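Worksheet: the structure to be examined is printed underneath.
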Amino acid sequence: MQHVIETPNIFAPVSTPAFAIRDLSFFVLAITAAIFVIVAGFAVYTLIRFGRRPANPEVEPAQIYGSTQIELAWTIVPLLIVVVLFLVTARYVWGLERRAQPPDALEITVVGNQWWWEIRYPKLGIVTANEIHVPVSDESRPTPTFITIQSVDVAHSFWVPQLAGKMDAIPNKTNRIWIEPQRVGTYVGQCAEYCGLQHALMLLVVVVHPNDEFRAWVASQQIAPAEHEATRSGRELFSSLACVNCHSVRGTPGNGVFGPDLTHLMSRSTLGAGAARNTPENLRAWVKDPSAFKTGALMPAMKLDDAQLDQLVRYLVTLR
Ligand code: CUA
């Protein structure tokens, strides 16, 4: 499948909540631009009209102290502007929040972790990381995706600018957001709340598929990866190491939940939530020492020798 990866941009929305955010942004920008032009216009006019004259530099312009009318005007007019901005924003927020979840909507749970996103599809039995796959929604068959947002450690914020606004991921609190992308593509997002050393490397992407392509992705994620005799030793090594305390691979003793689920590791395009391209070479370097790509990553260097690394990576690349 061929997808264009789009640069994040709130002015190029492709999903219902993001259209509303763009419209509201234009409205606020128009008002603030008008304020800027009026204030800057007065300032420039005053500089020119009342500046010191080279002809007779000793003459001071008239000195005026206080004006009730002007002070009332610059108090009441901004107050009215703020009230208008507040009411318009509240109407948009209300409109987006009260949308009820239709029974056939796709449900996803996104869990913020330092520093990656766990993605779960509770009704489909899929667990993955950092890359969300959803169907495109068209007028004839609306398929919105409702996203439950949680955090296991500190505050993060889920933000894919072209699809929706920001939604914080707060420990011990469940937040909700929905998207309804109307164009196929790959949309880049980023954690938008400072959450520690690697906040900047907490990327995510949302891949919007045509319906049949989405169903094929679901089917490929639902099957357990095939076992290959040739990589049995790597599989046994994986099972014997501390990997299994943090990572899950369906069909193996690995059922840890602190790190990303690796069942379909190679179906993802990056390692470490955007820290590196997911290639066999990078995967080997990552297992050897994740801090080479991502200082402070919670995965430890596994202290394996070269033969063990080769064996392990030969196995990991079969997790498609
Ligand atoms: Cu997670 Cu910033």
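Counting starts at 1 for both ligands and their atoms, following the listed order. Only a predicted model underlies this, so the values are computations on that prediction, with no experimental measurement involved.
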Quick check: of its N, O or S atoms, which one does His156 have closest to atom 1 (Cu) of ligand 1?
ND1

Any Lys/Arg nitrogen of Arg284 or Asp310 sitting under 4.0 Å from an Asp/Glu carboxylate oxygen of the other?
yes

Using a distance-only test with no angle check, is there a side-chain donor-acceptor pair under 3.5 angstrom linking Thr109 and Gln150?
no

Does any N, O or S atom in Met202 come within less than 2.8 Å of atom 1 (Cu) of ligand 1?
yes

Working to the nearest 0.5 angstrom, can you tell me the gap between His156 NE2 and Cys195 SG?
5.0 Å

Evaluate the ring planes of Tyr121 and Phe214, with Trp represented by its six-membered ring, and classify them as parallel (under 30°), tilted (30 to 60°) or perpendicular (over 60°).
tilted

I'd like the atom name of the N/O/S atom in Glu193 lying closest to atom 2 (Cu) of ligand 1.
O

Given atom 2 (Cu) of ligand 1 as the apex, I'd like the angle to ND1 of His199 and SG of Cys195, rounded to 10 degrees.
120°

